[in-house]
Amino acid sequence: MITLLMKLSYFNFWLRNIVVYLFFCLLGLIMVLVDGNHQIHEKGRFFHVVVNGGIMFAIAHIQVYIHNRFLYERFFGKQNLKYFLGTVSLFTSYFLINYFTPFSFVPNGDVITMSISIFLIYLIGLGFNYVHKNILDRNRRFLTDLLEKDDEIRHLKAQLNPHFLFNSLNNLYATALTDPTQTPDKILELSDLLRYQIESSKKERVPLYEEMDFIKKYLSYEQNRSPKLAISLTDKIVTNQLMLSPMLFMPFIENAIKYSSGTEKPTVSLFIGTDKQKLTFRIWNNYDPGRREFSGTNTGISNTKQRLQLMYNNKHELIITDSDDIHTVELTLVL
């Protein structure tokens with residue numbers, strides 16, 4: 001994706017120069033059309049003027065490029081004599097083209113006027129070169145940041161895979177000890193969950209309806225594994241076509257179930273709602289304050305906070321609160 005962006009962006013040499021060339025050609029055409037006395041208004045002269053103008057701007061573009069790229073950037077301030085001799089040679093060649101061919105910005109002009117016009121073309125081209133360098137540097141910094149963020153997000157997703165698998169294997173181990181006959185069915189259910197988790201982690205965005213299906217299957221899996229666990233899911237979804245980062249809610253859901261399982265009446269309540277551009281995720285669970293600290297590394301929650309910062313920098317709000325024996329997480333995303 002980023003490679004395609006670079007090919008179709010300001011970094012593309014040919015695309016950049018063609019756009020600049022066409023811009024000046026269009027600007028020149030507008031100027032001569034506005035001039036009521038220009039020969040372009042004479043019968044049968046339009047095509048001739050347009051072709052000559054295109055060649056004239058192409059020559060100017062090439063001259064400016066040679067000066068900026070091969071003389072100014074290489075020799076100015078470093079080997080000034082080479083820069084001076086090269087510029088004089090280039091200027092002379094351009095002057096001769098203007099003087100002896102019809103491709104001149106100052107037709108029928110005297111030597112001084114023609115020389116001044118050529119000097120102004122180089123000067124304007126040099127100004128554009130400085131603007132070009134500034135834009136190029138800013139784009140390069142932007143893409144560098146984008147690549148760094150992309151690598152970081154991939155790293156966080158890679159950590160999420162084993163984290164989810166580790167928790168699931170722990171659940172399977174517990175099931176095998178308490179109810180071995182259910183283990184084969186649990187393995188099948190888990191394989192379905194893991195299949196989606198692995199496939200979705202390869203994508204930057206997934207449809208909301210796919211994420212909802214996964215969450216429902218996971219809650220059913222946990223409900224069957226622990227019958228005393230009371231889980232409720234309420235959804236008010238206006239549209240299922242919204243796209244979001246995959247597995248974004250799972251660390252909060254896993255966390256809620258894990259904390260709640262240490263109580264006499266484990267309870268988890270989940271709400272997911274949307275409007276046209278905003279998604280609200282809310283989950284609360286009860287917990288035993290005396291057993292609040294546990295031995296887990298909390299990797300999932302930490303990674304999710306980093307992913308939110310990277311992917312929804314100024315477009316999310318995460319509120320985590322503890323009140324008495326109730327733990328609440330509320331996440332709002334602008335999609």
Side-chain angles (χ1 to χ4, degrees), residues 1-35 38-40 45-107 109 113-150:
M1 179 64 184
I2 294 177
T3 303
L4 179 62
L5 181 65
M6 293 181 69
K7 288 181 178 179
L8 300 177
S9 71
Y10 195 79
F11 284 97
N12 187 304
F13 170 83
W14 292 107
L15 182 62
R16 181 177 69 242
N17 280 276
I18 288 173
V19 169
V20 172
Y21 169 72
L22 291 176
F23 169 77
F24 279 105
C25 286
L26 181 61
L27 184 63
L29 180 60
I30 293 173
M31 291 176 65
V32 298
L33 287 174
V34 171
D35 183 3
H38 196 277
Q39 61 175 321
I40 195 172
R45 297 290 294 174
F46 182 85
F47 182 75
H48 175 77
V49 172
V50 169
V51 171
N52 276 13
I55 296 174
M56 179 180 66
F57 277 108
I59 294 171
H61 194 95
I62 293 170
Q63 286 278 327
V64 168
Y65 178 77
I66 293 173
H67 171 261
N68 292 343
R69 182 68 180 86
F70 296 101
L71 296 176
Y72 186 82
E73 291 184 8
R74 291 188 180 186
F75 302 126
F76 186 78
K78 304 170 186 176
Q79 301 180 48
N80 289 326
L81 180 59
K82 287 186 177 181
Y83 171 73
F84 175 76
L85 294 175
T87 302
V88 168
S89 300
L90 189 65
F91 184 95
T92 302
S93 68
Y94 196 18
F95 178 85
L96 294 174
I97 292 173
N98 276 262
Y99 193 81
F100 291 107
T101 70
F103 310 118
S104 172
F105 283 95
V106 188
T113 304
M114 196 171 289
S115 298
I116 292 174
S117 70
I118 294 174
F119 174 77
L120 288 175
I121 289 172
Y122 285 131
L123 190 63
I124 293 171
L126 192 59
F128 269 91
N129 185 62
Y130 276 106
V131 174
H132 155 69
K133 290 297 182 185
N134 183 264
I135 295 174
L136 203 61
D137 288 342
R138 293 182 65 178
N139 282 359
R140 188 175 288 111
R141 287 195 299 270
F142 171 76
L143 284 177
T144 299
D145 291 342
L146 197 63
L147 285 168
E148 289 176 354
K149 287 184 178 182
D150 186 62

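From a predicted model like this one, the values you see are computed outputs, not experimental measurements.
- By the side chain to side chain donor-acceptor pair (under 3.5 Å) test, Arg45 pairs with Gln39, sequence neighbours left out.
- The line from CG of Asn68 to OH of Tyr72 is 8.5 Å long, rounded to the nearest 0.5 Å.
- For the ring-ring contact (aromatic ring centres under 6.0 Å, His included) with His67, the lone residue among Tyr94, Tyr83, Phe91 that qualifies is Tyr83.
- Note on residues 48-58: pairs passing side chain to side chain donor-acceptor pair (under 3.5 Å), not counting sequence neighbours, are His48-Asn52.
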Please tabulate, for side-chain N and O atoms in residues 58-65, each donor-acceptor pair with protein atoms closer than 3.5 Å (sequence neighbours left out).
{"from": "His61", "atom 1": "NE2", "to": "Asn17", "atom 2": "OD1", "distance (Å)": "2.9"}
{"from": "Gln63", "atom 1": "OE1", "to": "Tyr122", "atom 2": "OH", "distance (Å)": "2.6"}

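- Residue His132 holds its NE2 atom at 12.0 Å from CG of Leu126, rounded to the nearest 0.5 Å.
- Taking OH of Tyr99 as the start and CD1 of Ile118 as the end, the distance is 12.0 Å to the nearest 0.5 Å.
- With sequence neighbours excluded, no residue satisfies side chain to side chain donor-acceptor pair (under 3.5 Å) with His38.
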In a table with atom names and distances, give each donor-acceptor pair under 3.5 Å that connects a side chain of residues 20-29 to protein atoms at least two apart or in another chain.
{"from": "Tyr21", "atom 1": "OH", "to": "Gly54", "atom 2": "O", "distance (Å)": "2.7"}

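- Note: Thr113 OG1 to Asn98 CG = 12.0 Å, rounded to the nearest 0.5 Å.
- Phe84 CZ: 12 or fewer foreign heavy atoms inside a 6.0 Å radius.
- The backbone N or O of Leu90 sits less than 3.5 Å from a side-chain atom of Ser93, completing a donor-acceptor pair.
- Between the CG atom in Asn129 and the CG atom in Asn134 there is a gap of 11.5 Å [rounded to 0.5 Å].
- Considering every non-hydrogen atom in both Glu73 and Lys78, the closest pair reads O-NZ, 3.4 Å.
- The salt bridge (charged side-chain N to carboxylate O under 4.0 Å, His left out) check on Arg74 picks up nothing, with sequence neighbours excluded.
- To the nearest 0.5 angstrom, Met56 atom CE is 10.0 Å from Thr101 atom OG1.
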